[in-house]
There are 2 protein chains.
Amino acid sequence: MRHVAALAGVGIKTVSRVINDEPGVSEATRSKVLNASQQLNYQLDMAAGSLRRAGRRTLSVGLLLPSVSNPFSGEINRAMEDALGARGIAVFAASLDDDPQREKAIVAAFLGRRVDGLILTPITRSQAYVIPEHSRDLPLVFIDREPVGIEADAVVTDNATGAAKAARHLISRGHSRLAYLGDRTDIQTARERRRGFIEELGRQGIPTSTVPVRENLHDEESARLAALELLTATEPPTAIFSSQNLVTFGAMRALRELGLSKRVALIGFDDFTLADMMDPGVTVIAQHPERIGKLAAERLLARIDGDKQSPHTYVVPSELIQRGSGELLPPA
Amino acid sequence: MRHVAALAGVGIKTVSRVINDEPGVSEATRSKVLNASQQLNYQLDMAAGSLRRAGRRTLSVGLLLPSVSNPFSGEINRAMEDALGARGIAVFAASLDDDPQREKAIVAAFLGRRVDGLILTPITRSQAYVIPEHSRDLPLVFIDREPVGIEADAVVTDNATGAAKAARHLISRGHSRLAYLGDRTDIQTARERRRGFIEELGRQGIPTSTVPVRENLHDEESARLAALELLTATEPPTAIFSSQNLVTFGAMRALRELGLSKRVALIGFDDFTLADMMDPGVTVIAQHPERIGKLAAERLLARIDGDKQSPHTYVVPSELIQRGSGELLPPA
DNA sequence: GATTATTTTGACAACGATGTCCAGTCGTAG
DNA sequence: CTACGACTGGACATCGTTGTCAAAATAATC
């Protein structure tokens, strides 16, 4: 900036004014400065600016997702980028891997970079460790999973209701021998989905104690094995609910191996590409990651802009998409 | 930091030394400082530090991908994060959307944040616009697509060779009426794949002028329509090569609609989830995004560490994965 | 105990920008 | 011709940190 000022023959502050479109600069000097800055290929250093700027805005935020390589997270990431990019805010994206240690390390890295806000998918038992920052007015929005040990905005899917919807759907097709395949129990959404599913069975008069529940299935292979086991037991279930993408894939593989794809009903939580191209098409409880991402970004921006209303949890409804696998009837 | 120094009753520079693990601090003062910084919940401001620090490192890099929501990009993003995170480097990820304007805007945003390096998937005709920065020693690695108008490292898939492999595979199964479905021609990889495919046909003695080539298919629907058109023409192809994921999906839909899934061969460029669960399984030329991402990250780190060797393009080989659709034989 | 070598420490300027505030310049009205 | 406000421009301190360098404290040596 000094160099530009020198080349243009003006003061350094005048350059700052031109670059930041502040008023009070004549057309003549304005173009002199712009010329000079073009010639030197000058670019404003935002970091240096934010050091002095009111509110210390860095125009960057930290986004912590289950994993940037997971399609659900990818959609959220994208929605974020779109909503925040319009305001000139850049996004640091990082992957949680459902590791509490990692969560803390990543949050620390974000804080060290003085982000203007944090959007977090947590896995720690309590997120009280961000209270100091949050009470110093650091905007904070939780996404996909609700916060524990701290009051802050959150945007989540109606996990329990969605799972209950699946249960009701299967029961209404005449199923009474249902099974549940779930993810790690330290993941809040997994617990919620199980709760919603089981409670709905209870409401519909199905004895819940006999319902096979297999949990802590975190990948395709363990889900496949669990499903195989269930399906080859005596009195196998006539319908399966799987609480997550990879678990659904594992269940699909098990069903195919046993030639049961068209005989045992399946509903999965989470939509996925080509679900309609399977045989039969896979019925799912679809989440809306783009809406979740957009809403979370909007809440964050509102907080950044000084919104002081008390924290609130926003629920984005899920949607049952019928494609065939969830509409299979139990054997007569 | 001032406050920490005050509370610990030491000079500000001593605090800096402790925080940065510099030598020459006695155990006694060290723990005094650590105590104070704990009490105040102090966190180093990297931005301020990088202002003065030798080399002005910000410990952040900019990553420009086709779209963070696309699984291929997601894998690359993840590999990047893993390789760079180990060095404490955070990643700004952004989506290109194959829009040249957007590319320039995003690169400018990265530069304004003084990233330590840039990893770019370009769509502009020429990337000469980054020459000033690059010659001022800004590390730069192109990914997936090779640079034009500037000399820099690149990490790409062997697009032409991979497509040729597909052609050879189909021809060896007896096909002679092949068709090509391709993406937008302003995308370098799309052009390379077409070239590789067509040239291989030539080498194998198939008259290339009669091969139907449909290009500029950027989404599933346009690909589906193009495929439908090809397949319902007189003398339809007995084998199709699709140059990209979404195009492959479109072709799959068209084949299914016409009941030809098991009669017309299909090979797609790009692997995808559940490809083996389709009926028939979809034969693909798989890329290795994790390897591409890892290698690009390694090259970037090497450059950051001062590697001065002349720019080089690294090619990550693709892999033909046989799953059934590419092994269908032509009707007798 | 004096002197030197070594370690530990802090004062200060600087990084690149912006906020504050004051000094010119100019046009216009009295 | 003076006075006054509006506009324009620049000097300077400052943000939080680190590099430089010299001072102070401590240890080692004779």
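The sequence lines fix the lettering, A, B, ..., with proteins before strands; numbering per chain opens at 1. The structure presented is a predicted model; accordingly, all values stated were derived computationally and were not measured.
Two residues, Val25(B) and Arg114(B), neighbour DNA chain C, and the one matched to the more 5' nucleotide by heavy-atom proximity is Val25(B).
In this structure, the nucleotide among dG16(D), dT17(D), dG19(D) sitting nearest to the side chain of Arg56(A) is dG16(D). When distances run from any side-chain atom of Val10(A) to the nucleotides dG10(C), dG10(D), dA17(C), the shortest one goes to dG10(D).
Within the structure, a side-chain polar atom (N or O) of Ser16(B) is placed less than 4.0 Å from OP1 or OP2 of dT18(D). Taking side-chain N and O atoms only, Ser26(A) has no distance below 4.0 Å to OP1 or OP2 of dT8(D). When the side-chain nitrogen and oxygen atoms of Thr14(A) are compared with OP1 and OP2 of dT8(D), none of them lie within a distance under 4.0 Å.
In this structure, Leu44(A) atom CG and dA17(C) atom C1' are separated by 7 Å, rounded to whole Å. A straight line from CG of Leu51(B) to C1' of dT17(D) spans 8 Å, rounded to a whole angstrom. When rounded to the nearest whole Å, the span between CZ of Arg57(A) and C1' of dT18(C) equals 15 Å. The separation between Arg53(B) atom CZ and dG16(C) atom C1' is 15 Å, rounded to whole Å. Summarising the geometry, the separation between CD1 on Ile12(A) and C1' on dT14(D) is reported as 13 Å, rounded to the nearest angstrom. Distance, Arg17(B) CZ to dT17(D) P: 15 Å, rounded to whole Å. Here the P atom of nucleotide dT17(D) and the CZ atom of Arg2(B) are 10 Å apart, to the nearest Å. Straight-line distance from the CZ atom of Arg52(A) to the P atom of dT20(C): 8 Å, rounded to whole Å.
Across all strands shown, Thr29(B) has heavy atoms under 4.0 Å from sugar-phosphate atoms exclusively, and none from any base. Here Gln43(B) lies in heavy-atom contact (under 4.0 Å) with sugar-phosphate atoms only. Among the heavy atoms of the strands lying under 4.0 Å from Gly24(B) is at least one base atom, whether or not backbone atoms are also near.
When the shell of 6.0 Å around CZ of Arg125(A) is examined, it contains 12 or fewer heavy atoms from other residues, nucleotides or ligands. The environment of CD in Glu22(A) is crowded: more than 12 heavy-atom neighbours from other residues, nucleotides or ligands sit within 6.0 Å.
Nearest heavy atoms, Ser95(A) versus Arg102(A): O-NE, 2.6 Å.
Tyr129(A) and Glu103(A) share a donor-acceptor pair across their side chains, judged by distance under 3.5 Å alone.
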Would you mind writing out the side-chain donor-acceptor pairs for residues 106-114 of chain A within the sub-3.5 Å range, not counting sequence neighbours?
{"residue": "Arg113(A)", "atom": "NE", "partner": "Leu59(B)", "partner atom": "O", "Å": "3.4"}
{"residue": "Arg113(A)", "atom": "NH1", "partner": "Ala109(A)", "partner atom": "O", "Å": "3.2"}
{"residue": "Arg113(A)", "atom": "NH2", "partner": "Leu59(B)", "partner atom": "O", "Å": "2.6"}
{"residue": "Arg113(A)", "atom": "NH2", "partner": "Gly88(B)", "partner atom": "O", "Å": "2.9"}
{"residue": "Arg114(A)", "atom": "NH1", "partner": "Leu111(A)", "partner atom": "O", "Å": "2.9"}
{"residue": "Arg114(A)", "atom": "NH2", "partner": "Gln43(B)", "partner atom": "O", "Å": "2.7"}

